[in-house]
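Reading through the structure tokens given below for one structure.
As a basis for the values below, the full set of heavy atoms in this structure was taken, side chains included, without hydrogen atoms, waters or symmetry mates.
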Amino acid sequence: MINNLKTEPKGLLVAGLSGGSGKSVVAVGITAALAEQGLRIAPFKKGPDYIDAGWLQMAAGNECHNLDPYLMPAAVIKQSFREHSRGKNLAVVEGNRGLFDGVDMAGSYSTAELAAMLEVPVLLSIDCTKTTRTVAAMVLGCQQLGANIDILAVVLNRIGSARHERVVRQAVEYYTDVKVVGAIPRLERDIFPQRHIGITPCPEFAGAPEAIHSLARLIGEHVDLGLVAELARPIPTTDRKAGIHDIRPDCGAATTAVTIGVIRDAAFQFYYPENLRALELCGANLVEINALTMRALPEIDGLYIGGGFPETSVRELAANTSFRYSVKDAIEQGLPVYAECGGLIYLGESLEVDGDKYPLAGVFPVQFEMMQKPQAHGYTIIQALSGNPF
């Protein structure tokens, strides 16, 4: 047991210099290694990301909550961070993209901005492939650009040899005041299974528990977890600038309880815990539904279909004809439905994957096609030109 995490909750943020720098390996690995020691870890993921959040949640054994400076007001982010860290030993926040990457030249809504907002120190995961002393220059540059954040630790990733590690470690610790807390060797294969747009979601990977355990062992061998815990800082219990912010939803004047079905299976697995909790706080009874195995919708007052990867389960979705028909019939008879991302695709007429077209629920007269590469990424702002329920 790491003694200095026994009392008040501490926090740290794991960041990288780019996507693919190994920050998920470090964040999930630290979470898993400390959880296996019996510590209570509160995992968080920056930005609109469900896949890394799923792995963090499995590693911690606790719900992972997303903190998105673009979609969430600062007061809500701070309060969510404090509330979900309460009673835990350590809060681990995984950033996204590069530390300073945002939606514009100023890096608005970046991981660095989130670290400053939460007042937690930063642990950088740096890909050291084919570089040595330059790593120190990258750390110095991050410190100079991020004067409002504390970069206290570095994990050297993809180290090729003992000599490689020694030179990089000496350079970083000579030219900067940042601690090197670990060095992870170059691995022959990815711990996380990869797929067409990145890491495979853990609900779709049968070997996920073994992968988590292997990652915990890897981090335990190559990262000084005691030093990581020492560098983490106590989480502020209140917002000194704004006080306590009430993050409970405004439920209006609802007088009767409703039952809302949530389709949650291997095809539709992307949900923010806050959204589901908000429905429950407003009196909703949530019922999980499996679109792959159930023959029809149960008796519900509303339907919520989240995102996911329907393309990987499209054969099973298409083959479950009775369920598809029951969804379409219920919606046409007035069942309220909210569907996003993969859930919205499911309500279309069909989905074409690798040249084969599969029938779906057919609520909307739209045909979808999976392309070989993603067509766009990023936030979208839409202006409503007429009245709507939202």
What I want to check is whether the side chains of [X] and [Y] have a donor and an acceptor closer together than 3.5 Å.
| X | Y | value |
| --- | --- | --- |
| Arg295 | Asn320 | yes |
| Asn66 | Lys45 | no |
| Tyr272 | Arg277 | no |
| Ser24 | Glu94 | yes |
| Glu204 | Thr312 | yes |
| Asp177 | Gln143 | yes |
| Gln269 | Tyr271 | no |

Is a side-chain N or O of [X] found less than 3.5 angstrom from the main chain of [Y], in a donor-acceptor match?
| X | Y | value |
| --- | --- | --- |
| Glu349 | Gly362 | no |
| Asp190 | Phe192 | no |
| Ser161 | His164 | yes |
| Thr134 | Ala137 | no |
| Ser350 | Tyr358 | no |
| Asp265 | Ala291 | yes |
| Asn62 | Ala42 | no |
| Thr131 | Cys128 | no |

With rounding to the nearest 0.5 Å, note down the distance linking [atom1] in [X] to [atom2] in [Y].
| X | Y | atom1 | atom2 | answer |
| --- | --- | --- | --- | --- |
| Thr259 | Leu303 | OG1 | CG | 12.5 Å |
| Thr129 | Asn157 | OG1 | CG | 7.5 Å |
| Lys328 | Leu335 | NZ | CG | 15.0 Å |
| Leu156 | Ile184 | CG | CD1 | 9.0 Å |
| Met138 | Asp127 | CE | CG | 8.0 Å |

Q | Shared hydrophobic cluster, Val337 / Val327 (ILVMFWY, side-chain heavy atoms < 4.5 Å) | A |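 Yes, Val337 connects to Val327 through the hydrophobic network.
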Q. Using 30° and 60° as the class limits, which term best fits the ring planes of His84 and His65: parallel, tilted or perpendicular?
A.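 Parallel: the ring planes of His84 and His65 meet at under 30°.
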[X] [atom1]: over 12 foreign heavy atoms closer than 6.0 Å:
| X | atom1 | result |
| --- | --- | --- |
| Arg133 | CZ | no |
| Arg158 | CZ | yes |
| Asp354 | CG | no |

For a 4.5 angstrom cut-off between non-hydrogen side-chain atoms, does [X] reach [Y]?
| X | Y | answer |
| --- | --- | --- |
| Phe323 | Thr293 | no |
| Tyr304 | Ile263 | no |
| Tyr338 | Ile305 | no |
| Leu124 | Ile151 | yes |

Q) Quick one: do Lys179 and Asp224 make a salt bridge, cutoff under 4.0 Å? A)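 Here Lys179 does not pair with Asp224 in a salt bridge, since their nearest N and O are not under 4.0 Å apart.
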Q) Looking only at heavy atoms, which two atoms of Trp55 and Ala211 are closest? And how far apart? A)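 Nearest pair, atom of Trp55 first, then Ala211: CZ3-CB, 4.2 Å.
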Q: Start with the C-alpha distance between Leu317 and Phe268, add both sets of side-chain angles, then the distance that settles side-chain contact (heavy atoms from CB on, under 4.5 Å), and finish with yes or no.
A: CA-CA 11 Å; Leu317 291 170; Phe268 308 105; 3.9 Å; yes
